[in-house]
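The next block holds one structure in the form of structure tokens; read it before the comments.
A quick note: this is a predicted structure, and the numbers were derived from the prediction, not measured. Numbering of residues begins at 1 and proceeds along the displayed sequence. In listed order, ligands and their atoms are each counted from 1.
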Amino acid sequence: MVRKDAYILLREFEKKHYIPQTSFEYFNKIYSNEDMALLKNLVWGTIRNLIKIDWYLSFLVKNLKKTPPASKWMLRLGAYQILNGFKEYVAVNETVKIAKNKRIRGFVNATLKNLIRKKAELALKEPIWVKYSIPEWLYNYLKKYFPEDYVMEFMKKSYSVNPTTLRTNTLKTNREELISLLKGININSTESKHSPYGITIDKAGMAIEKTDLYKNGYFYIQHESSQIIPLILNPKSNERILDMCSAPGGKTTELAQIMNNSGIIDALDIDIDRLELVEKNAERLGIKIINTKLISGDEYIAEKYDKILLDAPCSSAGTSSIHPEVLHRINIDDFVNYSNIQKKLLENAIENLLKPGGTLVYSTCTISNEENTQNMKYLFEKYNNITFEKIDLSLYNIKGYYDGYGYYFYPDETLIPFYVCKIVKTN
Ligand SMILES: C[S@@+](CC[C@H](N)C(=O)[O-])C[C@H]1O[C@@H](n2cnc3c(N)ncnc32)[C@H](O)[C@@H]1O
């Protein structure tokens, strides 16, 4: 029963704040494609809509916070369906069946039926952060730092599902050929708007990693914002490049592809399992110029580099269209905590690792002022041997919000919110 399994996965999410890939893989083996799509829709849809769902339920249940978790997650699962166009009687009947206990069944049944009756009236007083299901604190935070249209685009994106995009591995094929090879295995795809390597696919629930094209390294699965960052660093063949936070290797392997597999890329990370993925990805894509190093970027010392990519660990607040759980995991303290780690990485890069005349690209997948603008301001005030080079985002057909140092990408169908800044070390 799909709803019961969705409920089990949601309870797993409640404990861990994420759902391991292995849990879905288990159901993949026993479910038809159709049931699997429904399971994913119910689980991720409930998580994406959680703020909204709880707001509605708070008018119907005396104390939602104190409601026992078993009943609460059944209510949330049922409410997701009722608020998102599922057949109401199926939503109620199938959700109620999950409960073993008669009392819980009665409570869930009555509350969901009440929601059906009251939802239109409640919708009239729904605040905008509820409409797009983002935490109220984050909405207020965004309003403090961004223009109104950016806040709107952020919320719309956060509430939508980012499509799957691939990066063509130009060491093995080209974009046109890859589109036709994908068509040959019944996957429709189109050139994406921003990255010259990007392909947006109509995946329809299939596991693209299981295809031979993937196994033979014809592409890397990578959202478009991420594909733009190595292009901004603009590495050349035979240069010596440092990727300070490389795992799982999306941008490292793209750098190597732009360099036509010639030169040196040292790829650091502190997570051994993730660093192994950099090696596996490089091997699959036919890349030979990446040297992985298990070390913290703020402690690493080496001969100086022509260019450095610092795609920093961050609060990831821009990734909610890909990872809807992220907005339930982060809080405002994360912004400050990550900014402290990022400062140390930036300082080591500028003071010890970048050649005079060299370029550093700093990027994050978050929108916090602390992790982006404030960090750049800190560098600007601390160092007199760096300049901030203005990036021309029109080259990639991207609209950016400029903070005086770098840009916050406006999200769109395939772009997620990202921050990027380019620093040149003058001497
Ligand atoms: C945003 S992810 C990098 C994604 C990667 N650039 C890509 O495109 O595939 C940040 C990475 O930084 C790593 N990390 C965290 N702290 C670090 C540190 N002090 N030094 C180096 N890597 C670190 C994390 O393990 C994580 O893999």
Side-chain angles (χ1 to χ4, degrees), residues 18 162 164-167 169 195 197-198 209 219-233 235 241-259 265-285 287 290-302 305 307-320 322-323 326 329-330 334-335 337-353 360-368 371-372 375 409 415-421:
Y18 75 99
N162 199 49
T164 302
T165 49
L166 315 180
R167 184 189 86 231
N169 179 11
S195 156
Y197 313 122
E209 316 82 82
F219 60 83
Y220 186 93
I221 304 167
Q222 187 179 29
H223 62 75
E224 259 207 301
S225 294
S226 175
Q227 293 186 34
I228 301 302
I229 306 303
L231 294 164
I232 292 173
L233 186 65
I241 308 285
L242 175 65
D243 187 345
M244 279 181 99
C245 300
S246 65
K251 297 182 191 69
T252 332
T253 54
E254 183 174 342
L255 291 168
Q257 153 179 347
I258 299 170
M259 292 160 78
I265 304 178
D266 288 334
L268 319 184
D269 210 280
I270 48 165
D271 182 325
I272 191 161
D273 296 330
R274 286 171 64 85
L275 203 57
E276 259 176 39
L277 293 176
V278 180
E279 288 173 7
K280 277 195 184 148
N281 280 319
E283 197 183 331
R284 182 176 62 80
L285 297 163
I287 291 164
I290 295 173
N291 313 305
T292 56
K293 294 175 192 286
L294 181 66
I295 184 164
S296 179
D298 61 337
E299 289 168 1
Y300 180 65
I301 296 293
Y305 292 87
K307 286 174 184 160
I308 298 179
L309 174 63
L310 174 46
D311 184 39
C314 72
S315 58
S316 309
T319 64
S320 46
I322 302 172
H323 305 294
V326 77
R329 202 171 51 210
I330 58 168
D334 291 328
F335 296 168
N337 295 338
Y338 275 109
S339 81
N340 291 332
I341 299 165
Q342 292 152 353
K343 275 194 198 84
K344 286 190 187 150
L345 292 164
L346 284 159
E347 285 169 340
N348 195 30
I350 293 170
E351 289 171 19
N352 302 315
L353 298 168
L360 163 74
V361 164
Y362 174 76
S363 59
T364 71
C365 55
T366 195
I367 44 65
S368 92
E371 295 170 81
N372 301 307
N375 270 348
F409 291 0
L415 283 182
I416 66 164
F418 237 69
Y419 180 79
V420 65
C421 189

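Contacts between C314 and ligand 1 below 4.0 angstrom, taking non-hydrogen atoms only, are absent altogether. With a 4.0 Å heavy-atom cut-off, ligand 1 is reached by the side chain of R274 but not by its N, CA, C or O.
Looking only at protein heavy atoms, the nearest one to atom 3 (C) of ligand 1 is A247 O, 3.2 Å. Of the protein's non-hydrogen atoms, G250 N, 2.9 Å is the one closest to atom 9 (O) of ligand 1. Nearest protein heavy-atom contact of atom 23 (C) of ligand 1 is I270 CG1, 3.6 Å.
Side-chain contact annotation: E371 with Q342, donor-acceptor N/O pair under 3.5 Å present. Side chain to side chain, R167 and T253 meet the donor-acceptor criterion of an N or O pair below 3.5 Å.
Using a 4.0 angstrom heavy-atom cutoff, L268 does not count as in contact with ligand 1. By the 4.0 Å heavy-atom criterion, A312 is counted among the residues contacting ligand 1.
Each of L166, N281, N169 was scored for a side chain to side chain contact (heavy atoms under 4.5 Å, CB included) with Y220, with one residue passing: N281.
Within the listing of ligand 1, atoms 25 (O) sit less than 4.0 angstrom from a heavy atom of D271. Near C245, meaning under 4.0 Å from any of its heavy atoms, are these atoms of ligand 1: 3 (C), 5 (C), 6 (N), 11 (C), 12 (O), 21 (C), 22 (N), 23 (C). When each atom of ligand 1 is checked for a heavy atom of G297 under 4.0 Å away, the hits are 18 (C), 19 (N), 20 (N), 21 (C). Near M244, the atoms of ligand 1 lying under 4.0 angstrom from a non-hydrogen atom of the residue are 21 (C), 22 (N). In summary, the atoms of ligand 1 found under 4.0 Å from a heavy atom of S296, numbered by their order in the structure, are 18 (C), 19 (N), 20 (N). Atoms of ligand 1 found under 4.0 Å from any heavy atom of P248, numbered from 1 in the order shown, are 9 (O).
Put simply, the side chain of T366 gets close to the backbone of A317: a donor and an acceptor are under 3.5 Å apart. No side-chain donor-acceptor contact under 3.5 Å links S195 to the backbone of I228.
Shortest non-hydrogen contact noted between H223 and T165 is CA-OG1, 3.1 Å.
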